[in-house]
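So that the names make sense, note that chain A is the first sequence line, chain B the second, and so on, each numbered from 1.
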Amino acid sequence: MTAPTTEGDRMPPVGPVTVAASSLLRWGAGADDFSEIHHDDAAARARGLEGAVVHGPLQVAVLVEQLRRWLGRPARITDVEATYLAPAPVGEPLVFDGEVVEVVPGEAGDEVLGCELRSRRPDGRTTVRVLARARTGPAGPGSALPVEQLRRALRLGEVAGTFRYQVQENDLEHFARAHEREPDPSGRVPATYFGALDPVERRDLHLDGFLLELPFPRTGGGNAFNEVEYVRPLQVGDEITVTTRYTEVYEKQGSSGTLLFRVRENEMTDASGAVVATSRCGHVLGFAVPASGTSEVAGR
Amino acid sequence: MSWARLDEHGGVRTGELSRPRRVRATARQAELLHAAVELVLGPGGDGATARAITLQDVCPDPLVHALRAGLPRPAALDRQIDGGSSWSQLLELEEGEELVSVSSVASIEERRTSRGARLVRTIFLTELVRPGTGERVGWCTGTSLDLEVAR
């Protein structure tokens with residue numbers, strides 16, 4: 001098969017093919033969907049259908065796998081949006097086809113393909129329509145991870161943002177439950193809650209989203225460390241202003257690939273302007289970077 | 001015809017949230033799903049591609065996933081049908097990796113069909129994160145339609 005490169009390129013159709021009972025059975029077991037409408041005509045009719053129907057998500061999975069095979073490696077299908085338009089009766093053959101409807105440059109120097117895929121009945125009626133977005137592979141040889149670009153994006157050493165949070169009782173309840181504990185009935189705020197007053201973890205500060213677009217497989221990631229020094233404990237009702245600065249960005253080689261570290265400091269002050277605490281958080285992302293990989297992201 | 005937002009339908013409220021669930025990208029589940037697909041398409045030429053675990057393997061039917069998480073499906077009208085699904089994957093998954101999923105009723109909307117029947121669309125959103133780091137792996141949606149049969 002020839003990989004698609006331009007709008008209008010058509011995915012080689014598959015079918016007409018009848019989805020076998022053994023396929024429905026495996027799908028039902030894998031998807032934990034044992035609804036009778038997929039194998040019992042009478043039950044399906046009682047639900048207003050003409051008879052048993054093929055699972056919609058199974059048709060989607062067929063189309064997505066067909067697209068994956070057509071695109072080949074290293075393309076990655078990142079987004080799939082399916083609409084179930086009509087029932088696909090069990091025993092009736094289906095045709096699976098589609099085409100590229102859009103090709104746009106990706107932020108990581110690769111290309112993003114928009115594809116429209118369909119599953120159709122013999123009468124031409126579309127049962128499932130899928131809009132899929134796929135990213136093509138690495139852009140080509142060059143430098144390693146975009147450390148300098150990341151430093152600029154994070155405004156290293158400067159104030160990256162200032163945020164105000166109120167310590168509320170229901171936030172503490174959520175925090176306790178997220179840690180699978182019951183809230184402290186005395187209303188005492190645990191010291192670990194300082195970690196929750198982090199604009200990055202709260203998704204209020206997001207300066208490095210382009211890292212998710214780098215054309216390298218991710219090998220891992222997470223918090224490398226969290227430290228906090230506090231002057232006094234937090235109290236319910238405290239209004240805390242958090243000023244965030246990124247202080248370090250560096251790269252290291254690890255057993256799981258190339259590791260990219262970002263370190264930030266949060267200075268927390270109360271309504272009177274007094275410093276309550278300072279936290280320091282390190283976050284790491286691991287990438288499998290080929291020896292000649294490149295990743296400078298255009299336009300940032 | 002445009003959709004109008006509803007706060008509630010059939011006792012189900014917008015914003016309703018499930019308890020967090022721990023889910024795992026198991027090879028066994030992926031094998032079953034891939035086998036179902038291969039029975040339609042035939043075996044793939046690239047075995048590695050065929051075996052890669054994706055969000056669709058962890059959450060193959062987002063509507064079923066949200067209902068299994070304990071959220072109620074609105075059924076106030078005559079027929080309930082599945083309207084669609086979507087998946088957005090941000091990070092690659094490792095085989096056997098454990099994730100935390102939380103489902104919610106993201107929206108309830110209604111409109112009239114061209115035949116004048118009432119149609120209510122409920123979208124269930126499931127977000128999946130890595131426990132410990134809280135990294136967002138991706139999300140998926142499942143759509144349930146509650147339909148009045150035109151008489």
Side-chain angles (χ1 to χ4, degrees), chain A residues 1 14-15 17-20 22-33 35 47-49 55-62 64-66 68-69 72-73 76-85 87 94 96 128-129 131 133 177-178 180 201 203 212 217-223 283 285, chain B residues 19-20 26 28-42 44-46 48-50 52 54-57 59-65 67-68 78-94 100 130 132-136 138 140-143 145 147 149:
Chain A
M1 279 193 274
V14 168
V17 58
T18 301
V19 179
S22 53
S23 177
L24 298 173
L25 188 64
R26 283 169 174 78
W27 184 267
D32 193 19
D33 181 0
S35 170
R47 292 268 303 270
L49 298 161
H55 306 74
L58 169 56
Q59 296 172 69
V60 179
V62 168
V64 169
E65 177 60 20
Q66 193 181 350
R68 201 186 314 277
R69 291 180 188 183
R73 276 182 179 270
R76 291 170 296 124
I77 298 169
T78 55
D79 299 276
V80 175
E81 188 179 334
T83 309
Y84 307 144
L85 297 169
L94 295 168
F96 300 92
V128 171
R129 186 181 66 227
L131 299 174
R133 206 167 72 131
R177 294 218 172 89
E180 296 175 347
E201 292 292 349
R203 317 264 196 266
L212 298 175
R218 292 272 305 278
T219 58
N223 287 326
H283 194 273
L285 285 173
Chain B
R19 300 283 294 178
T26 67
R28 175 64 185 147
Q29 184 187 20
E31 275 171 23
L32 282 166
L33 298 168
H34 291 192
V37 169
E38 293 211 338
L39 282 164
V40 179
L41 289 178
D46 179 351
T49 300
T54 69
L55 200 56
Q56 280 183 272
D57 295 319
C59 199
D61 188 327
L63 179 56
V64 167
H65 189 94
L67 300 180
R68 291 277 187 274
D78 302 314
R79 281 180 61 190
Q80 294 75 50
I81 52 179
D82 298 0
S85 313
S86 71
W87 298 261
S88 285
Q89 184 165 347
L90 298 173
L91 305 178
E92 297 198 4
L93 288 168
E94 291 172 20
V100 173
R130 290 198 160 118
T133 66
E135 276 186 302
R136 201 174 181 206
C140 53
T141 66
T143 301
L145 302 177
L147 180 65
V149 175

Given A:A31, A:S35, A:P87, the one with more heavy-atom pairs under 4.5 angstrom with chain B than any other is A:A31

Which atoms form the tightest heavy-atom contact between A:R203 and B:R136, and what is the distance?
NH2-CB, 3.9 Å

Would a 4.5 Å heavy-atom cut-off, applied to side chains only, mark A:W27 and B:L32 as touching?
no

Could you state the interatomic distance from CG (B:L90) to CG (A:D79), rounded to the nearest 0.5 Å?
8.0 Å

Bottom line for B:E31: the part with an atom under 4.5 Å from chain A's heavy atoms is neither

Please state whether the side chain, the backbone, both or neither of A:R129 comes within less than 4.5 Å of a heavy atom of chain B.
neither

Whatever's closer than 4.5 Å to a heavy atom in chain B on A:V14 counts as side chain

Spacing of OG1 belonging to B:T141 relative to CD belonging to A:E81, to within rounding of 0.5 Å:
7.0 Å

Given that the side chain runs from C-beta out, which part of A:T219 has a heavy atom under 4.5 Å from chain B: side chain, backbone, both or neither?
backbone

Among A:V60, A:V64, A:V62, which one satisfies side chain to side chain contact (heavy atoms under 4.5 Å, CB included) with B:V37?
A:V62

Only one of B:H65, B:R68, B:Q29 passes side chain to side chain donor-acceptor pair (under 3.5 Å) with A:D32; say which it is.
B:R68

Separation between CG (B:L41) and CD (A:E65), nearest 0.5 Å, reads 6.5 Å

Would you call A:R76 and B:T54 a side-chain contact if the rule is heavy atoms closer than 4.5 Å?
no

Just so I know, are the side chains of B:Q56 and A:I77 near enough to count as touching, which here means a heavy-atom distance under 4.5 Å?
no

Select, from B:A35, B:S85, B:P20, B:C140, the one with the greatest count of heavy-atom pairs under 4.5 Å involving chain A.
B:S85

Among A:A82, A:G220, A:G56, the residue with the most heavy-atom pairs under 4.5 Å to chain B is A:A82

Compare every heavy atom of B:L39 with every heavy atom of A:S22, then report the nearest pair and how far apart it is.
OG-CD1, 3.6 Å

Which bit of A:Q59 is near chain B, if near means a heavy-atom gap under 4.5 Å: side chain, backbone, both or neither?
neither

Region of A:A20 in contact with chain B, defined by heavy-atom distances below 4.5 Å:
neither

Least distance between heavy atoms, A:S23 atom then B:A36 atom:
OG-O, 2.7 Å

If you count heavy-atom pairs within less than 4.5 Å of chain A, which of B:L55, B:I81, B:T26, B:D61 leads?
B:D61

Applying a strict 4.5 Å limit to non-hydrogen atoms, the region of B:V40 in contact with chain A is both

